[in-house]
Amino acid sequence: MPMEKTFDATEAEARIYAMWEAMGAFRAGANASRAETFTIMIPPPNVTGSLHVGHAFNNTLQDVLVRWKRMQGYDVLWQPGTDHAGIATQLVVERQLAKAGNESRAEMGREKFLERVWEWKAESGGNIRNQLKRLGASCDWDREAFTMDANFHDAVIKVFVDMYNKGLIYRGKRLVNWDPHFETAISDLEVENVEVAGQMWHFKYLLAEGATYIYVEKNQDGRVTLSEERNYISIATTRPETMLGDGAVAVHPSDERYAPIVGKMVEIPIANDDGSFRQIKIIHDDYPDPTFGSGAVKITGAHDFNDHEVARRHGLTMHILMDTKGNMVSHDAPDNIVPTRYRGLHRFIKDGIPGARELAIAEINARGRAVTRRSGFTPTPADDIADTGGVNPALQVPYVEDKPIMQPFGDRSKVVIEPMLTDQWFVDTAKIVGPALDAVRQGRTRIIPESGEKTYYHWLENIEPWCISRQLWWGHQIPVWYGPTPQDGYDFNRDYDLTSNYKYAFCGATFEEAAKSAELRYGPRVFEVSSKEEAEAFRGFEVPLYRDPDVLDTWFSSGLWPIGTLGWPNWTEDTKKYFPTDVLITGSDILFFWVARMMMMQLAVVEQEPFHTVYLHQLVRDEKGEKMSKTRGNVIDPLDIVDQYGADALRFTMTQMAAIGGVLKLSEDRIKGYRNFGTKLWNAHRFAEMNGVFDGPRPTEPPHPTQTVNNWIIGETSKTLAEVNEALTTYRFNDAANALYAFVWGKVCDWYVEFSKPLLQGDDTTHKPETQQTMAWVLDQCLILLHPIMPFITEELWGQTDRPKPLIHTDWPTYSDLTDPKAHQEMTWAIAMIDNIRSARAQMNVPAGLYVPVLQLNADMAAQNAWAKNETLIKRLARIESLTPTTTVPKGAITVATPGATFAIPLAGIIDIAAEMARLTKAHEKLTKEINGLRNRLNNPNFATSAPPEVVAEAQTNLTARQDEAAQLTGAMARLAELG
RNA sequence: GGGUGAUUAGCUCAGUGGUAGAGCGCUUCGUUCACAUCGAAGAUGUCAGGGGUUCGAAUCCCUUAUCACCCACCA
């Protein structure tokens with residue numbers, strides 16, 4: 001049955017993928033003919049996720065490598081799987097519950113809620129897998145892993161316990177980024193700063209007991225610009241509500257303005273419940289910048305990262321002002337410093353309800369402790385902010401503020417992050433960072449592009465402790481149980497997050513394990529309870545231990561992805577065989593989140609690098625270079641592309657654009673272009689089929705034909721193989737795709753198929769069969785070489801004939817350079833001649849279909865030979881009727897100069913002499929320019945002595961050739977001039 | 001503030017010392033003869049500006065400008 005005119009991607013892709021799966025084509029070790037392994041771990045997408053263009057790009061590149069290596073006979077494992085994605089997943093399920101009007105998470109309790117999450121995972125966790133399949137991803141799906149699988153969980157817990165026992169994990173009260181919406185700590189890396197128009201307020205902090213000082217301000221020349229007696233220090237802040245927790249006011253030691261009052265006390269301008277004002281000290285610290293604001297900074301140790309450092313240096317009390325929801329704390333504990341009227345208020349205006357900030361401003365304003373603007377400040381209309389709630393606008397200064405926002409990953413909401421002083425678990429990264437740095441520095445792991453290494457060093461060399469606890473339910477629960485501290489009694493009645501109440505911690509993979517160490521302290525009286533409330537209820541009985549309710553940061557578990565998916569902590573056959581893996585392919589945006597952590601953790605756990613190469617690919621943007629986002633409405637859904645143009649077109653486009661570095665701007669026009677490429681390949685096969693090329697057996701070895709064209713295309717094929725190998729070895733995916741595009745379209749279709757027509761369509765008993773054989777072989781090579789990038793259409797074309805194996809398991813070729821130098825030279829000449837004749841004809845408006853007689857004025861041996869051997873082909877492609885040697889050129893002929901030969905096409909009456917003269921002049925000018933350039937180089941004595949000989953020789957050859965051509969043109973112009 | 005990278009054809013981008021490239025778009029011509037998802041021909045460049053190294057620079061160095069991203073951030 002003859003082939004269809006085009007490839008039906010939708011129908012064929014599903015059928016072919018099913019065929020591959022049915023035969024187990026993707027299984028680890030499938031088609032392995034050698035012992036070496038090649039392992040890639042998929043960067044696990046969120047289990048909540050659906051495929052976006054970033055995934056499509058990332059997985060296309062992985063699949064290209066995997067298919068290439070599999071065809072080469074490596075024992076290939078591409079390990080798929082998904083990440084449980086703590087926050088994102090918990091949120092999805094919570095929203096679902098709310099939507100369905102179910103009990104909330106809090107109402108249903110931890111156990112029941114987790115059941116719901118697992119149910120949800122079972123229902124929709126497989127979406128992304130099916131989407132990856134549509135792309136053609138050849139993962140070993142039988143091994144699909146999940147970061148909450150039982151074995152993976154064991155690995156995670158074991159690592160926690162080991163690291164805990166080695167002192168690499170500790171619990172501490174630290175200032176962390178706090179998400180008041182989810183009420184959990186988040187990683188520094190998850191915070192994104194967004195510029196917003198904010199305000200800065202200036203307030204007077206009065207000196208205690210009516211003290212005064214002379215405030216002197218100087219300009220840069222040291223001249224006094226202001227000198228007055230003051231009883232206050234001016235403090236600027238963007239967050240007035242935090243002044244309730246101030247521990248001091250800091251000024252820079254070099255700041256002369258405040259030298260007289262350092263060490264004195266000032267009053268916080270918000271009254272305590274009893275009407276008094278809390279007093280704090282003015283201290284010296286290097287942190288304040290004397291040139292910014294008033295140069296004096298209020299220090300709120302519990303709610304600002306910089307202030308926190310200052311407070312620690314000076315041993316200041318850190319007053320916690322807010323609860324886990326971002327409201328002012330309302331409990332009655334004696335250490336609550338918040339005045340009664342502020343308790344329970346949100347920290348700032350929300351839903352139109354004024355919060356602590358607005359109340360504070362109003363009170364301060366009423367007391368006249370706002371600082372009016374100093375001279376030199378010109379108010380603008382923007383200063384009159386609408387929602388000031390009766391506040392004197394004079395004391396507000398507009399200010400561009402960087403607000404920390406929860407990074408808008410997936411479904412997470414944007415919420416302003418609050419620095420919070422809480423008890424959290426940390427990895428002491430400084431202790432494990434060394435091997436991860438050395439691995440890259442010493443080249444055991446290479447990062448591509450190299451700039452990634454610099455970024456990697458920069459971050460790791462300045463690494464901060466890693467907060468790994470999250471106040472969520474969905475995730476790996478921290479394997480630590482708390483027991484009572486004897487001196488505190490059984491005191492669990494304080495707020496878990498907001499107190500420094502120490503509890504004895506016992507770590508173990510299971511309760512039994514943790515209990516063993518607990519018994520060393522308490523004796524054999526411990527038992528497990530499910531919560532601290534329950535522990536409280538058992539006060540006075542035996543010793544109740546309750547498990548830390550927090551879970552581990554998702555990145556802590558995904559940091560173990562390479563080894564955890566391979567069976568570790570057991571050293572299984574798989575672990576031994578496939579670990580360490582080979583290459584990690586991922587976006588540069590998760591270099592710190594994930595790559596650096598995998599390096600640190602694998603090295604800490606098994607002292608091996610998890611992979612030898614990290615390829616950081618571009619981030620995908622829209623055609624304008626903007627991030628794709630739902631709000632911008634510029635999202636390209638890769639599955640829409642697959643539906644419309646087929647997976648191969650998308651894959652080829654992405655591969656072709658995968659240059660090293662930069663961003664990838666995806667546009668639909670390109671995809672369309674590469675869909676056309678598939679059609680072109682398809683039609684070349686159609687041509688072959690119609691010409692009996694596939695009638696005989698397919699040659700598996702390069703044929704040895706007699707015809708120049710056949711030898712030529714075999715040589716070109718071998719060059720392409722070398723280019724593709726080189727490109728993929730060096731991760732230059734775009735080079736591989738471009739080499740194939742240029743070969744298949746530019747060489748095979750544009751020239752070889754055309755050249756082959758007279759041979760195939762004649763009935764010569766040697767030329768025809770050898771051309772059929774050669775074309776069959778060449779087209780097979782096209783399919784093989786393209787398969788890693790365009791697996792579907794190539795497999796479909798491969799299957800047009802009976803084959804021993806499907807293409808996916810066909811051996812990647814190993815032949816080396818098959819170029820026949822004579823064939824190469826002849827074809828180069830023939831192509832140049834055809835190009836030149838076509839060009840001259842087109843420019844002189846010779847009808848395209850018209851066969852013309854051509855006169856040969858002169859030709860060197862090579863040219864004569866090339867003509868003689870390929871006369872039929874050249875005549876057909878250049879539309880030449882006959883070639884006649886001659887010494888005289890008739891009137892009204894156009895001249896065509898070609899390497900080593902000059903031709904004339906007599907076109908009396910057809911041509912326009914002026915146009916021909918213009919054409920020749922233009923060509924001559926171009927040549928002259930080149931000749932001058934070459935001559936200047938060669939005439940420079942330093943060139944001959946300094947440049948490599950082959951460069952000099954090449955320049956000389958080029959010069960001779962150009963001069964030759966120019967001379968021919970000059971002759972033609974002279975003849976033409978005689979006519980005119 | 002620190003870091004990294006970018007600036008090449010109308011557009012999107014390759015190109016790490018040896019005659020400036022691709023795709024798309026554009027212009028002209030052309031469909032019985034694999035393919036109009038096509039073919040043939042053509043036009044288009046101070047390789048951001050300035051300086052330096054070199055026989056030779058889009059490429060290496062310095063500098064200026066603009067832009068992008070990452071990290072840290074001024075209360």
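As a basis for the values below, the full set of heavy atoms in this structure was taken, side chains included, without hydrogen atoms, waters or symmetry mates. These numbers were taken from a predicted model, which means no experiment stands behind them. Just so it is clear: chains get the letters A, B, ... in the order the sequence lines come, proteins before strands, and each one is counted from 1.
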Check this one for me: any side-chain N or O of [X] less than 4.0 Å away from OP1 or OP2 of [N]?
X         : N       : value
Lys672(A) : rG23(B) : no
Asn462(A) : rA72(B) : no
Trp751(A) : rA40(B) : no
Arg879(A) : rA40(B) : no

Indicate for each nucleotide in nucleotides 17-22 of chain B, in 5' to 3' sequence, whether protein heavy atoms under 4.0 Å reach the base (B), only the sugar-phosphate (S), or nothing (-). -BB---
Strictly below 4.0 Å, N to O, side chains only: are Glu241(A) and Arg347(A) in salt-bridge contact? no
Ionic contact status for Glu689(A) with Arg686(A), cut-off 4.0 Å: no
Hey, does [X] reach any base, or is it just sugar-phosphate, or nothing, if we go heavy atoms under 4.0 Å?
X         : value
Lys5(A)   : sugar-phosphate
Gly295(A) : base
Lys680(A) : base
Arg675(A) : base
Glu453(A) : nothing

Can you pull out the residues from residues 919-927 of chain A that lie within a 4.0 Å heavy-atom distance of RNA chain B? Lys922(A)
Report the C-alpha separation of Asp285(A) and His314(A) in whole Å, then their side-chain angles, then the decisive distance to 0.1 Å, and conclude whether the side chain to side chain donor-acceptor pair (under 3.5 Å) test is met. CA-CA 9 Å; Asp285(A) 194 273; His314(A) 295 271; 2.7 Å; yes
Take the protein atom CZ of Arg841(A) and the nucleotide atom P of rG30(B), then report the distance between them rounded to whole Å. 13 Å
Between rG39(B), rG42(B), rC35(B), which one does the side chain of Ser839(A) approach most closely? rG42(B)
